[in-house]
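Chain letters run A, B, ... following the sequence lines, proteins first and then strands; every chain starts at 1. Basis for what follows: all heavy atoms, side chains included, without hydrogens, waters or symmetry-related copies.
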Amino acid sequence: MMEQLDACNQLEAARIHKLVARKKGRPGQKDLEKMAQWLDRGQARVTERQAMHKPATFPASLPVSERVDDIREAIEQNQVVIIAGETGSGKTTQIPKICMNSGRGIRGLIGHTQPRRIAARTVAGRIAEELGEQTGGQVGYQVRFTDTTSDQSRVKVMTDGILLSEVQHDRFLDRYDTLIIDEAHERSLNIDFLMGYLRQLLPKRPDLKVIITSATIEVERFSQFFNGAPVIEVSGRTYPVDVRYRSLTGDEDDRDQGWTDGVLRAMEEIEQHERAEKQPPGDVLVFLPGEREIRSLSKVLRHADLRHTEVLPLYSRLSNQEQNRIFQGHRGRRIVLSTNVAETSLTVPGIRYVIDTGVARISRYSVRSKIQRLPIEPVSQASANQRAGRCGRVAPGICFRLYDETDFINRPEYTDPEILRTNLASVILQMTTSGLGDIRHFPFLEPPDRRLINDGYKLLEELGAVDDKRRVTNLGRTMARLPLDPRLARMLVISSEQGSLAETLVIIAGLSVQDPRERPQDKQQAADQAHAPFNDKESDFLTLLNIWNFYEEQRQELSQNQLKKVCQKSFLSWMRMREWRDIHRQLTLICREQKLKLNRDSASYESLHKAILAGLLGQVAVKLEKKEYLATRNRKVMIFPGSKVSKTGPKWIVAAEIVETSRVFARVVAKIEPEWIEPLAGHVVKHHFFEPHWEQKRAQVMGYEKVSLYGLDIIAKRRIPYSKVDPAECRNLFIRRALVEGDYQSRAPFIARNRELLDTVENLERKTRRRDLLVEDEVLVAFYEQRLPADIVSGRHFESWWKQLSADQLRDMELTEADILQRPVDEQADSLYPDYLEWEGVRYPLSYEFEPTSERDGVTLQAPVMALKQLPARRLEWLVPGLLREKCIALVKGLPKALRRNFVPVPDFVDAALENLQASNEPLALQLGEQLRRMTGVRIDADAWPQEDLPKHLRMNLRVVDDAGKPIAEGRETEKLQSE
DNA sequence: CTCTCCCTT
């Protein structure tokens, strides 16, 4: 049986091989029956196709026809052949036929890829036509949503994206015996990926033939990449193009003006040329970087009074109707003003002259700022030549380059391939889930930069598609099954959990197609009016949803023609609406397969936008002022003025895209609430904790938290319990603030006792006016640190801890005098500094303060206003025993010098005097003077004594309180207070 | 106060 496999269809042969391999070479009876069935079918298919085969013929007019034999020979003798040829060589249509004539496309398919869908369809049509058939017979094509291939197909034309997607199911591409990769020089992401994949596949599929076709550029690179594969060059059937450099003169500052002048001068030269050569006016194609430039130049040209001249704009966003005008016949001259669409995607017929400004908007991705930029850049030499070639298709042409030749020579040969200019998240996810190994080791034609790869991984991490070790998660695997940008795929998956899948499906499909809203230049107002009912001021996503709902309602009631009319009236592109619906349907089917839940009730704004937000975490922004927003990664952005949300300017927004053109714009945005972010972004937000502090009421250490998303503060200062953040710091603060400083109400008996002990000592310090009694706080901190377990970080912890202590342990928590005193306490302290002054059976409370700057410094006696008159004013002069000596010394030292020098040394005289003095309600100074006179014979006049200028603490402070104990007057002038 | 162009499980 195995010998017969060579005559069997490849796909069946591969199945048989696989089954044999799985059964380790010993298939059972049932397997054998199955295999025999496959073999029959496979052989039947081969014979059927062989019977169908008629040798193809080649039109003599095509240059490629001259090389048919060379090409066939090269293909038969090599696994890979590179065919280089310019447009018009016929390679695209003829090479598949050469392959057919060489017997390929029998056991397997001849696969033929094109970069664009339209091209795939038309190429298939042309090949079929040349074989005298219609598509769907020997030649079929497959693009997204359409597959016309059948069992009879020998040639399958498809977009390169389709072939790439088939890799997922058919790792060896077993159904193909030949692959033709067309337009490889365009170097799209798909092409570069396919090239690498094929290079790995070739040794495993020795029977597979690969043909790479390209414009004459880059041919050597392809040949080297495929081990020196032979190159066959085919001449193009094109006419010579005369390239004339007409660099701009004038002011560099105003580029628009420069280009306008340059184009007008080139038009003059064209007219001269036509007059000299006696030629009728030929059509002109002008390459400009963008819509704005096209509009401004078209305005100028329409007013420039050019005879019999029609000016047509051409760019991708134009409606089909407007684009199709370039294919309609016309009289006189036509000038087409175009963007890059006319360089590769669209062929403008009948062009005799090209005017090339030499620039284009090229998409660049900045890894540093994560911004997609669209700068206007000089195009590469390859691109400029492609543009020039657009006027040599029907007759010799002239290309005017509005720059000089040195400029041209100094330009890069080729445009950077897309893989070096784009975010790689999608490529990485596809590669990883289809087991293609590490992207860093994949044989790319030009490997992307390490930073670009890291950046792709980071986005996948943000989306939860890979974990922090870069392993694909289950979520990532689901996402990889969706034919969507990973961000959109993320939204879809989460929306089924949020109960907003139905709406999200619509929005995501809508984001995948071009904006269906049309806004023709001459009917802008009418278009805006027609779109007005769809607009949502808070969310561009809802605007999309409104358009969809409107369209769906109409679609169900109207015929296709009526629906087309409604679209036209509403300024909606019918084609794009249909594309939108196609994608929506495709995604709906996949969601069903992936068992994602479709919500029946309509989703709330919140649940819908949370799903959207989950895919766009890196694109959040907060309003700074008027029109300016600060986005993540410190990017300043502005809402795109076309967005209806830009009118309301909400505080927080999320944007589907951030693109830099003339400014950094946030496109397709919606209002969000900042609280939604953190729960969705737990894995990417950063937390910063600060200002831990003891809060007495909560009996715990609290602090603040700042939450930021890629440098953007989404929560500036949130109060949080600090114990989870830094338990050691909490314990430290608890000991210092609560236990040592006493800012805490505890029920623990030892705390009350310790407090009492400390109060006594502190009071004694106030009385004795010294600060050297109590140990430093650090000693108390150390006391508690030694005794408190590490996990006691708050009042709650503390209370439950001490309650289970034994009596001994409780006692151990009590401070002793030995613990807290720096030196022994004077035993007489209590009598030297009494707490009451007793006079005639009344006890007046005394309080002490040691704060020289304070009004209350010293001793304060409190007396009720009722008792004020009975107060012994003179007795107060005697203060308390502990302060009397200091006061007397101060009194003597305050005497005039002539008197004072009789009592030196003063302390000795005072001590001697005090021996005979007893506190009484007599004036202190006079009593003291009397004693001094007795010792020395010197008499001191009453008015010689200092009074008011004694330090505050040496005069009794009197506080008068009312019945309720509330202070009503206070001062050191006892008699004055008494008389008031 | 306005943006090149393609492709798909």
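Here B:dT4 presents its P atom at 16 Å from CG of A:Leu346, a figure rounded to the nearest Å. As rounded to whole Å, 12 Å separates atom C1' of B:dC5 from atom CZ of A:Arg387. If you take CG of A:Asp582 and P of B:dC7, they are 14 Å apart, rounded to a whole angstrom. Put simply, CD1 on A:Ile583 is 13 Å from C1' on B:dC6, counting in whole angstrom units. Between the NZ atom of A:Lys644 and the C1' atom of B:dT2 there is a distance of 11 Å, given to the nearest Å. One atom, CZ of A:Arg292, and another, C1' of B:dT4, lie 14 Å apart when rounded to the nearest Å. In this structure, CD of A:Glu660 is placed 15 Å from C1' of B:dT2, rounded to the nearest angstrom. Computed from coordinates, the A:Arg361 CZ to B:dT2 P distance equals 11 Å when rounded to whole Å.
Remark: A:Thr661 is in phosphate contact with B:dC3, judged by side-chain N or O atoms under 4.0 Å from OP1 or OP2. Contact annotation: A:Thr344 side-chain N/O to B:dC5 OP1/OP2 distance is not under 4.0 Å. The side chain of A:Ser662 places an N or O atom within less than 4.0 Å of a non-bridging phosphate oxygen (OP1 or OP2) of B:dC3. Of the side-chain N and O atoms in A:Ser316, none sit less than 4.0 angstrom from OP1 or OP2 of B:dT4. OP1 or OP2 of B:dT9 has not a single side-chain nitrogen or oxygen of A:Gln430 nearer than 4.0 Å. For B:dC5, the OP1/OP2 oxygens have no side-chain nitrogen or oxygen of A:Ser188 closer than 4.0 Å.
The aromatic rings of A:Phe665 and A:Phe640 lie perpendicular to each other, with more than 60° between the two planes, well past the 30° mark.
The side chain of A:Pro483 approaches B:dT8 more closely than any other nucleotide in the set B:dT8, B:dT2, B:dC5. Checking B:dC5, B:dT2, B:dT8 against the side-chain heavy atoms of A:Val341 singles out B:dC5 as nearest. Here B:dT8 is the nucleotide among B:dC5, B:dT9, B:dT8 with the atom lying nearest to any side-chain atom of A:Thr159. The side chain of A:Val143 lies closest to B:dT8 when the candidates are B:dC1, B:dT9, B:dT8. The A:Met638 side chain lies nearest to B:dC1 when the options are B:dC5, B:dC3, B:dC1. Candidate nucleotides B:dC7, B:dT9, B:dC5 were compared by shortest atom distance to the side chain of A:Tyr315, and B:dC5 ranks first.
Two residues are said to be in side-chain contact when any heavy atoms from C-beta on lie closer than 4.5 Å; A:Leu463 and A:Arg487 meet this criterion.
Among the heavy atoms of the strands lying under 4.0 Å from A:Gln372 is at least one base atom, whether or not backbone atoms are also near. Within 4.0 Å of A:Leu374, counting heavy atoms only, lies at least one base atom of the nucleic acid. Using a 4.0 Å heavy-atom cutoff across all strands shown, A:Ile162 reaches sugar-phosphate atoms only and no base atom.
The base of B:dC7 does not come close enough to the side chain of A:Arg117 for any donor and acceptor atom to sit less than 3.5 Å apart. Between the side chain of A:Glu293 and the base of B:dT4, no donor-acceptor pair under 3.5 Å is found. Contact annotation: side chain of A:Glu291 to base of B:dT2, donor-acceptor pair absent below 3.5 Å.
Crowding of A:Gln524 atom CD: a count of heavy atoms from other residues, nucleotides or ligands under 6.0 Å exceeding 12.
In terms of heavy-atom proximity, A:Val354 sits nearest to A:Ile351 at CG2-CG2, 4.2 Å.
Only one option out of A:Glu579, A:Arg317, A:Arg576 pairs with A:Gln514 in a side chain to side chain donor-acceptor pair (under 3.5 Å); it is A:Arg576. Among A:Arg519, A:Arg517, A:Lys523, the single residue meeting the side-chain contact (heavy atoms from CB on, under 4.5 Å) criterion with A:Phe571 is A:Lys523.
Projected onto DNA chain B by closest heavy-atom contact, A:Glu657 and A:Arg481 fall at different nucleotides, the more 5' of which corresponds to A:Glu657.
With hydrogens and angles ignored, the 3.5 Å screen pairs no side-chain donor or acceptor of A:Thr339 with any backbone N or O of A:Gly290.
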